[in-house]
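Shown next, in structure tokens, is the structure this report addresses.
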Amino acid sequence: MSRAGRETRIVETFTTLTDTLVEGYDVVELLQTLVETCADVLGIDAAGILLANDDGELEVVASTSEASRLVEVLQLDADAGPCMTSFSTGRSVSCPDITDAPTEWAVFRAGALGLGFRAVHAVPLRLRSDVIGALNLFGASAGALADDDLRIARALADVATIGILHERTLREQDVVRAQLKRAIGSREVIEQAKGVVSYLRGVSIEDAFAVMRGYALEHHEPLSEVARAIVQRRLVP
């Protein structure tokens, strides 16, 4: 991607993220846009987001590939890894070479390396002291993320967080919980729909997601609604 194209994509994404300050936005769509933009403009190979549910437990809500989703799940199962540390501390965590990851990340290290990743950088979704999740950036090659790219990732994560925790929801905590609950529920439906599309079309899970994502963008419909229509057999992939 050219420098001009990169800058245009970043500006467009910031515009999309700030659109969440109006009613009717879809949290899953917001976070999917965030991870896809990061993968496109930051020189990384995959990205994923973990978001806290009502009980403060993290769940995968957005990813750019099945491999990155599986690595996120590994961190959840082991309760250890850069994203978990970033969420618990509210700080960015960088691991330029996963082979050098600390011992307590052994499960994450083995899984990430097995799926072809060599570097990871985690950025918290944080507004002041309120941390609601974390963004993971994965690289297929070892190496640190450029300072400019890390600043862009932090800025995108901050804007997305502000969108989710808009001052309206800060005053109405029930709305915050409802939004996060809908996001988690929507992701479960999306996972079901991916399986349906994969089975009916005889394609991989990743290709099934690409079909759903493409349909949602082409028809200007929220990804979660497309997934729900597929699961309920109102839409045949």
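Numbers for residues simply follow the sequence, beginning at 1. Both backbone and side-chain heavy atoms feed into the values below; hydrogens, waters and symmetry mates do not. In this text the structure is predicted, and so the values were computed from the model without any measurement.
- Atom CG of D79 sits about 9.5 Å away from atom CD of E57, to the nearest 0.5 Å.
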Criterion side chain to side chain contact (heavy atoms under 4.5 Å, CB included) on L42 and I152, from CA distance to verdict: CA-CA 8 Å; L42 300 183; I152 290 171; 3.9 Å; yes
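- Closest non-hydrogen pair, A157 versus P124, comes out as CB-O, 4.1 Å.
- L137 and A153 get closest at one heavy-atom pair: CD1-CB, 3.8 Å.
- A distance of 13.0 Å separates CE in M84 from CD in E104, rounded to the nearest 0.5 Å.
- The side-chain hydrogen bond (donor to acceptor under 3.5 Å, both in side chains) analysis of residues 81-95, with sequence neighbours excluded, yields the pairs S92-R154, S94-H121.
- Contact of the N136 side chain with the I49 side chain is not registered, since no non-hydrogen atoms from C-beta on lie closer than 4.5 Å.
- A112 and L74 get closest at one heavy-atom pair: N-CD1, 4.5 Å.
- For the pair R187 and S224, the minimum side-chain heavy-atom distance is 4.5 Å or more.
- With rounding to the nearest 0.5 angstrom, the CG atom of L223 is 5.0 Å from the CE atom of M212.
- Not one N or O on the side chain of R126 forms a donor-acceptor pair closer than 3.5 Å with the backbone of V131.
- The OG atom of S198 sits 13.5 Å away from the CZ atom of F209 when rounded to the nearest 0.5 Å.
- By the side chain to side chain donor-acceptor pair (under 3.5 Å) test, D97 is found to be paired with T99, R118, residues two or more places apart in sequence or in another chain being considered.
- Atom CG in L125 sits 7.0 Å away from atom CG in L31 (nearest 0.5 Å).
- In this structure, Q32 and S63 approach most closely via the heavy-atom pair NE2-O, 3.0 Å.
- Residue F108 is not grouped with residue V73 when hydrophobic side chains (ILVMFWY) are merged at heavy-atom distances under 4.5 angstrom, including chains of intermediate members.
- In this structure R109 satisfies the side chain to side chain donor-acceptor pair (under 3.5 Å) test with no other residue, sequence neighbours excluded.
- Take E66 and apply the side-chain contact (heavy atoms from CB on, under 4.5 Å) test, not counting sequence neighbours, and it matches R69, L70, K194, I205, E206.
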Steps toward salt bridge (charged side-chain N to carboxylate O under 4.0 Å, His left out) verdict (E29, R213): CA-CA 10 Å; E29 185 70 26; R213 179 76 169 143; 2.6 Å; yes
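- For the pair R234/R228, a side-chain contact is recorded, criterion being any heavy-atom separation below 4.5 Å from C-beta on.
- Side-chain heavy atoms closer than 4.5 Å link hydrophobic residues (I, L, V, M, F, W, Y) into clusters, and following such links, possibly through other members, connects L200 to I190.
- For R233, the side-chain contact (heavy atoms from CB on, under 4.5 Å) test picks out V196, with sequence neighbours left out.
- Note on V93: it does not cluster hydrophobically with L145, by side-chain heavy-atom contacts below 4.5 Å among ILVMFWY residues.
- Contact of the V120 side chain with the I98 side chain is registered, since non-hydrogen atoms from C-beta on lie closer than 4.5 Å.
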Step-by-step side chain to side chain contact (heavy atoms under 4.5 Å, CB included) determination, T33 to T37: CA-CA 6 Å; T33 296; T37 298; 4.1 Å; yes
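- Considering only residues two or more places apart in sequence or on other chains, F117 meets the ring-ring contact (aromatic ring centres under 6.0 Å, His included) condition with F138.
- Results of the side-chain contact (heavy atoms from CB on, under 4.5 Å) test with I132 over L58, L127, L51 single out L51 as the only residue that passes.
- With sequence neighbours excluded, the residues forming a side-chain contact (heavy atoms from CB on, under 4.5 Å) with A80 are W105, listed by chain and number.
- Evaluation of the side chain to side chain donor-acceptor pair (under 3.5 Å) rule for D158 yields no partner, not counting sequence neighbours.
- Among residues two or more places apart in sequence or in another chain, the ring-ring contact (aromatic ring centres under 6.0 Å, His included) test is passed with H219 by Y215.
- When all heavy atoms are compared, the tightest approach of A39 to T64 is CB-CG2, 4.1 Å.
- Listed by chain and number, the residues in a side-chain contact (heavy atoms from CB on, under 4.5 Å) with D147 are R151 (sequence neighbours excluded).
- Follow the hydrophobic side-chain contacts under 4.5 Å out from L235 and you never reach V189; the two are in separate clusters.
- Rounded to the nearest 0.5 Å, atoms OG (S68) and CG (D45) are 10.5 Å apart.
- Looking at every heavy atom in both residues, C38 comes nearest to L156 through SG-CD1, 4.1 Å.
- Using modelled atom types and a 3.5 Å distance limit, the side chains of E188 and Q192 yield no donor-acceptor pair.
- Think of V203 as one node in a network of Ile, Leu, Val, Met, Phe, Trp and Tyr side chains linked at under 4.5 Å; it has no links at all.
- A search for side chain to side chain donor-acceptor pair (under 3.5 Å) contacts involving R201 returns nothing, not counting sequence neighbours.
- I44 and V35 fall within a single hydrophobic cluster, where Ile, Leu, Val, Met, Phe, Trp and Tyr side chains are chained together by heavy-atom contacts under 4.5 Å.
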